[in-house]
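Single-structure report; data block below.
Along the sequence shown, residues are numbered consecutively beginning with 1. Bear in mind that the values here come from a model prediction, so they are computed numbers and not experimental data.
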Amino acid sequence: MLPVRLDDLDDETIAIVESSLPASAVEFVRLIGLRATLALLAEFGGMEFTLPKSAAGPGGARFDQIAGAIG
């Protein structure tokens with residue numbers, strides 16, 4: 001859980017947070033938004049894995065974990 005609520009941050013602070021992220025995370029922000037990216041990092045930060053395309057198939061368990069983290 002984040003120590004502060006994202007909703008409580010002003011635009012300047014959000015920009016600082018985004019600029020502090022690695023390029024791969026910035027791409028996630030572009031695709032799914034900052035809130036979901038931070039949730040993903042909180043849950044899986046430091047792990048390396050392939051993103052599954054759907055819940056069906058061999059990546060189904062990971063898909064469910066990701067969906068649970070970001071909603």
Margin query: Quick check on Asp10: does its CG atom have over 12 non-hydrogen neighbours (other residues, nucleotides or ligands) under 6.0 Å away?
Written below: yes

Notebook entry, point to check: Do Phe63 and Phe49 share a hydrophobic cluster (ILVMFWY, side-chain heavy atoms under 4.5 Å, transitive)?
Noted result: no

Check: If two hydrophobic side chains count as joined below 4.5 Å and joins carry through other members, does Phe28 share a cluster with Leu38?
Finding: no

Checklist line | Shortest non-hydrogen contact between Phe44 and Gln65, atoms and distance | finding: CZ-CB, 3.7 Å

Next item on the list: With rounding to the nearest 0.5 Å, note down the distance linking CD1 in Ile32 to CD1 in Ile70.
Entry: 4.5 Å

Check: Could you state the interatomic distance from CG (Leu21) to CD (Glu27), rounded to the nearest 0.5 Å?
Finding: 12.5 Å

Notebook entry, point to check: Rounded to the nearest 0.5 Å, what separation is found between the CZ atom of Arg62 and the CE atom of Met47?
Noted result: 4.0 Å

Next item on the list: Grab the two heavy atoms, one from Gly33 and one from Thr37, that are nearest each other, plus how far apart they are.
Entry: O-OG1, 2.8 Å

Notebook entry, point to check: From Leu9 CG over to Leu34 CG, what is the distance, rounded to the nearest 0.5 angstrom?
Noted result: 8.0 Å

Notebook entry, point to check: Given the rule that I, L, V, M, F, W and Y join up when any side-chain heavy atoms are under 4.5 Å apart, are Ile16 and Val29 in one cluster?
Noted result: no

Check: Linking I/L/V/M/F/W/Y whenever their side-chain heavy atoms sit closer than 4.5 Å, directly or via other members, would Val26 and Val17 fall into one cluster?
Finding: yes

